[in-house]
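Take a look at the structure set out below.
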Amino acid sequence: MAEITAELVAVERLLWTGKATMVTAETTEGEIGVLPGHEPMVGQLAENGVVTIHPVDGDRKVAAVQGGFLSVTQDKITVLAEWAQWSDEVDDKALEADAESGSDQDKSRADAARRAVRRSER
């Protein structure tokens, strides 16, 4: 099966780098799936989206993201997010607190985290 180097980077940390068979990301234009050999492109990530990475080895990885860009070149897929959190890192109590927060940013992140958890359970 074909593979491509992929990485998910947030402002605060590098979440993942390695070889993948596919990456999907929610952009402002809709959800896009990127396979090896995809045409080079740049897309803007949705404000409270989900990114799924299908590593060559291991289970798929699902992350909630907020803002940023998706860059696809001939040999690499890079997801640069303003904020990102793996679905398996989501804390239910913190999620509820964020959802009930007065902050629009916290509510948006809680929404993205909920969606990432749901997607990871499929």
Could you give the side-chain donor-acceptor pairs of residues 18-35 under 3.5 Å, partners two or more places apart or in another chain?
from : atom 1 : to   : atom 2 : distance (Å)
K19  : NZ     : T5   : OG1    : 3.0
T21  : OG1    : H54  : O      : 3.3
E26  : OE1    : V50  : N      : 3.2
E26  : OE1    : R115 : NH1    : 3.2
E26  : OE1    : R115 : NH2    : 2.6
E26  : OE2    : R115 : NH2    : 2.7
T27  : OG1    : E29  : N      : 3.1
T27  : OG1    : G30  : N      : 3.3
T27  : OG1    : G30  : O      : 2.6
E31  : OE2    : R119 : NH1    : 2.7

**Request:** Kindly give the heavy-atom pair with the smallest separation between A116 and A64, and that separation in Å.
**Result:** CB-N, 3.6 Å

Check: residues 42-49 side-chain donor-acceptor pairs under 3.5 Å, at least two apart:
from : atom 1 : to   : atom 2 : distance (Å)
N48  : ND2    : D111 : OD2    : 2.5

**Asked** Quick one: hydrophobic cluster around L14, which other residues, with the 4.5 Å side-chain cut-off, linked directly or via members?
**Response** V9, L80

**Request:** Report the hydrophobic cluster partners of V56, with the cluster defined as I, L, V, M, F, W, Y residues connected by side-chain heavy atoms closer than 4.5 angstrom, directly or transitively.
**Result:** none

**Request:** Locate the shortest heavy-atom distance separating W86 from L8; write the atom from each residue and the value.
**Result:** CH2-CD2, 3.9 Å

**Request:** Look up atom CD1 in I77 and atom CE in M41, then write down how far apart they are to the nearest 0.5 Å.
**Result:** 10.0 Å

**Prompt:** Below 4.5 Å, heavy atoms only, C-beta onward: do W83 and V65 meet side chain to side chain?
**Reply:** no

**Message:** Quick test of your reading: applying salt bridge (charged side-chain N to carboxylate O under 4.0 Å, His left out), list the pairs with at least one residue in residues 71-89, sequence neighbours left out, ordered by first then second residue.
**Reply:** E7-K76, R13-E89

**Message:** Using every non-hydrogen atom in the two residues, find where Q66 and S108 come nearest and quote the distance to one decimal.
**Reply:** NE2-OG, 2.9 Å

**Prompt:** Got a sec, which residues hit side chain to side chain contact (heavy atoms under 4.5 Å, CB included) with V117, two or more places apart in sequence or on another chain?
**Reply:** S87, V90, E121

**Fill in**
Tightest non-hydrogen contact, residues W16 and A6, listed as CZ3-O, 3.5 Å

